[in-house]
Amino acid sequence: MYKHDPDLNQRIWQVVALIPSGKVATYGDVAQHAGLAKAARRVGLALRQLPQDSKIPWHRVVNAQGRISLPNSTVSQYTQRERLEAEGIVFQGNKSLDLEKFRWEPGVR
DNA sequence: ACCCTGACTTATT
DNA sequence: CAATAAGCCAGGG
């Protein structure tokens with residue numbers, strides 16, 4: 001898609017900003033939509049660089065297993081789960097969510 | 001250019 | 001379902 005990378009983070013954040021409330025996307029999905037098909041890890045970095053006062057819904061990004069990919073015992077981890085549940089996302093087994101049901105897919109995969 | 005790291009992923013045990 | 005191993009890609013030292 002893009003031949004240049006003016007700012008990879010911005011592209012990634014822009015994609016994340018498209019995820020609607022009540023839905024989630026995997027790092028892989030975001031990467032693909034940003035034109036980085038196999039660089040899911042890069043997405044994680046971008047989110048980590050995201051300022052806390054940002055309006056980007058970073059909490060709507062989870063891993064391919066439908067689990068929060070933030071290190072345990074971190075505040076952000078709680079924050080993410082709280083926000084997701086507040087949007088109607090339900091966790092099963094108290095740790096993973098149903099991707100089949102909440103995954104956001106504007107295009108194909 | 002080389003090596004290590006990581007909010008990842010998929011396949012295998 | 002949890003633990004491992006092997007891929008993958010971009011950053012940073």
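Here is how names work: the chains are called A, B, and so on, in the same order as the sequence lines, proteins then strands, and each is numbered from 1. These values consider heavy atoms only, across backbone and side chains, with no hydrogens, waters or symmetry-generated copies.
Applying the salt bridge (Lys or Arg N to Asp or Glu O under 4.0 Å) rule to pairs touching residues 39-51 of chain A yields nothing, sequence neighbours excluded.
For the pair A:A25 and A:W104, the tightest heavy-atom approach, listed with the atom from each and the gap, is CB-CE3, 4.3 Å. Shortest non-hydrogen contact noted between A:L70 and A:Q80 is CD2-OE1, 4.1 Å. Closest of all the heavy-atom pairs between A:A46 and A:I12 is CB-CD1, 3.6 Å.
One can place CG of A:L36 at 8 Å from P of C:dG11, the figure rounded to the nearest angstrom. In this structure, CD of A:Q65 is placed 9 Å from P of B:dT10, rounded to the nearest angstrom. We find that CD of A:Q32 is positioned 11 Å from P of B:dT10, with the value rounded to whole Å. Going from atom CG of A:L47 over to atom P of C:dG11 covers 14 Å, rounded to whole Å.
Open room surrounds CD on A:E100; 12 or fewer heavy atoms of other groups in view lie less than 6.0 Å from it.
In this structure a side-chain-to-backbone donor-acceptor pair under 3.5 Å is missing from A:K38 to A:Q32.
A continuous path of ILVMFWY side-chain contacts below 4.5 Å connects A:L99 to A:I89, so both sit in one hydrophobic cluster. A:V16 is connected to A:L50 through a chain of hydrophobic side-chain contacts under 4.5 Å among Ile, Leu, Val, Met, Phe, Trp and Tyr, so both are in one cluster.
Between C:dA10, B:dT10, B:dA7, one nucleotide has an atom nearer to the side chain of A:Y27 than all others, and that is B:dA7.
Mapping A:Q49 and A:R67 onto DNA chain C by nearest heavy atom places A:R67 at the nucleotide closer to the 5' end.
Note on A:T26: only backbone sugar-phosphate atoms sit closer than 4.0 angstrom, heavy atoms only; bases stay farther off.
Between A:R103 and A:D29 the shortest side-chain heavy-atom distance falls below 4.5 Å.
Partners of A:R81 by salt bridge (Lys or Arg N to Asp or Glu O under 4.0 Å), not counting sequence neighbours, listed by chain and number: A:E85.
Near DNA chain B, meaning a heavy atom under 4.0 Å away, the residues from residues 37-45 of chain A are A:A40, A:R41, A:G44. Using a 4.0 Å cutoff on non-hydrogen atoms, the parts of residues 50-64 of chain A near DNA chain B are A:W58, A:N63, A:A64, ordered by number. DNA chain B is contacted by no residue of residues 80-99 of chain A, taking any non-hydrogen atom closer than 4.0 Å.
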Side-chain donor/acceptor pairs under 3.5 Å, residues 52-64 of chain A, sequence neighbours excluded:
unit_1	atom_1	unit_2	atom_2	d
A:S54	OG	A:I56	N	3.1
A:H59	NE2	A:E87	OE2	3.0
A:R60	NE	A:E87	OE1	2.9
A:R60	NE	A:E87	OE2	3.2
A:R60	NH1	A:I19	O	2.7
A:R60	NH2	A:E87	OE2	2.8
A:N63	OD1	A:Q65	N	2.9
A:N63	OD1	A:G66	N	3.2
A:N63	OD1	A:R67	N	2.9
A:N63	ND2	A:R67	O	3.2

